[in-house]
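Counting starts at 1 for both ligands and their atoms, following the listed order.
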Amino acid sequence: MALVTTTEMFKKAYNGGYAVGAFNVNNMEIVQGITEAAGELKSPVVLQVSRGARAYANHTYLVKMVEAAVIENPDIPIALHLDHGPDFETCKSCIDGGFTSVMIDASSKPFDENVEITKKVVDYAHAHGVVVEAELGTLAGVEDEVAVEEGCASYTRPEEVQEFVERTGCDSLAICIGTSHGAYKFTPEQCTRNEEGILVPPPLRFDVLEECIKRLPGFPIVLHGSSSVPQDFVKTVNTYGGNMPDAIGIPEEQLREAAKLAVCKINIDSDIRLAITASIRKHFAEHPADFDPRTYLKPARQAVKEMVAHKIVNVLGSDGKA
Ligand code: G3H
Ligand code: 13P
Ligand code: ZN
């Protein structure tokens, strides 16, 4: 199977009550860990590349690594997606350069400007057989390399979504219902504590999601900022010399609920970073003499694979849906 767009994937996910995982890729081990898990579990998957990833690893290397993963995993649909495309030029460069899907993120712009930029990308993308994700609302955290303060974040306004989709012709829409980027999604003050003293974050705004679904029946919704920040990774990082106090993410059960509704794509990056960092910190603490990168990158890749497999089965519900 060649690289695919997300059109079929999302249609099946919408009707099947599950979501496709969109995992950020920055190097070979990440591409391999994700696609080995998806391949073994017969799951569709989106591999997404941010502007930062292109700056770090280079567009050509990323595309060729993803193409290699397609060859190695011929039985599953894989889409190559630009994450948080900041402008038309970046989107065009990815459309021309082998991507099957792009996100134009003009969510920080006023509504009409967001419509205008998104439509320009949609027109170009559709003429080249590529699909487009757009965004309404502003997530807290680092978005498009711009840090959005918690107080400046805003939920998507359901009354805007229908007009936005009609005017732009976008293929999927990222909305803000309380997720955010990074490993610190909530301050301790925003949380309560359970009987064991563990932080419990405020619930996602399912009311906003349901209002959006009502206005866009059948239309695929995307959730960014959907890492769960597994506490065993955080504990390992902190045990072996790291310093990530109060790192906290989105509870997996809530993402599973969203995946049963119109949410067809769930974005995960921070959990990959945590899996790798926890694995490498532990490895160096236990094997201080190792200096062959393969000795610590191999278990790190395995940690990514196991984390992604867990998401596919327990959060996304996309296993066996290839
Ligand atoms: O949405 C942000 C993603 O986690 C990508 O992050 O721009 O540091 O690659 P990045
Ligand atoms: P996380 O930081 O929660 O992994 O979100 C990733 C993301 O939304 C990429 O676009
Ligand atoms: Zn994002």
- Item | NZ/NE/NH1/NH2 to OD/OE distance under 4.0 Å, Lys11 and Glu8 | yes

- Item | Residue pairs, two or more places apart or on separate chains, that pass salt bridge (charged side-chain N to carboxylate O under 4.0 Å, His left out) and touch residues 16-41 | Glu36-Lys305, Glu40-Lys305

- Message: Salt bridge or not between Glu253 and Arg256? Use side-chain N to carboxylate O under 4.0 Å.
- Response: no

- Item | Lys311 bridged to Glu252 by N-O distance under 4.0 Å | yes

- Which atoms of ligand 1 are found less than 4.0 Å from any heavy atom of His84? 1 (O)

- Message: Tell me every residue that passes side-chain contact (heavy atoms from CB on, under 4.5 Å) with Pro288, counting only those two or more places apart in sequence or in another chain.
- Response: none

- Please work out whether any backbone atom (N, CA, C, O) or any side-chain heavy atom from C-beta onward of Asn24 is under 4.0 Å from ligand 1, and answer side chain, backbone, both or neither. side chain

- The angle formed at the Zn ion (ligand 3) by NE2 of His181 and NE2 of His84 is about (to 10 degrees) 100°

- Is Glu211 paired with Arg215 through a side-chain N to carboxylate O contact shorter than 4.0 Å? yes

- Query: So, is Asn26 polar-close to ligand 1, with some N/O to N/O distance under 3.5 Å?
  - Reply: no

- min-distance N/O/S atom, His224 vs the Zn ion (ligand 3), resolves to ND1

- Query: His181 heavy atoms, cut-off 4.0 Å: which ligand 1 atoms fall inside?
  - Reply: 1 (O), 2 (C)

- Residue pairs fulfilling ring pair (Phe, Tyr, Trp, His ring centres under 6.0 Å) with at least one residue in residues 5-35, sequence neighbours excluded: none

- Item | Residue Asp269 vicinity, atoms of ligand 1 by number, heavy atom under 4.0 Å | 3 (C), 4 (O), 5 (C), 6 (O)

- Query: Can you list the ligand 1 atoms lying under 4.0 Å from a non-hydrogen atom of Arg273?
  - Reply: 4 (O), 5 (C), 6 (O), 8 (O), 9 (O), 10 (P)

Note every protein N or O atom lying under 3.5 Å from an N or O atom of ligand 2, pairing the names and giving the distance.
residue  : atom   : partner : partner atom : Å
ligand 2 : 2 (O)  : Gly182  : N            : 2.8
ligand 2 : 2 (O)  : Ser270  : OG           : 2.7
ligand 2 : 3 (O)  : Lys185  : NZ           : 2.5
ligand 2 : 3 (O)  : Ser226  : N            : 3.1
ligand 2 : 3 (O)  : Ser227  : N            : 3.0
ligand 2 : 4 (O)  : Ser227  : OG           : 2.6
ligand 2 : 4 (O)  : Asp269  : N            : 2.6
ligand 2 : 4 (O)  : Ser270  : N            : 2.7
ligand 2 : 5 (O)  : Gly225  : N            : 3.3
ligand 2 : 8 (O)  : His181  : NE2          : 3.0
ligand 2 : 8 (O)  : His224  : ND1          : 3.4
ligand 2 : 8 (O)  : Gly225  : N            : 2.8
ligand 2 : 10 (O) : Asp83   : OD1          : 2.9
ligand 2 : 10 (O) : Asp83   : OD2          : 2.7
ligand 2 : 10 (O) : His84   : NE2          : 3.2
ligand 2 : 10 (O) : His224  : ND1          : 3.1
ligand 2 : 10 (O) : Asn267  : ND2          : 3.1

- Query: Under a heavy-atom criterion of less than 4.0 Å, does Arg54 contact ligand 1?
  - Reply: no

- Any ion pair linking Arg167 and Asp112 (charged N to carboxylate O, less than 4.0 Å)? yes

- Thr295 (side chain) donor-acceptor with Pro293 (main chain) under 3.5 angstrom: no

- Lys260 atom NZ: more than 12 heavy-atom contacts under 6.0 Å: yes

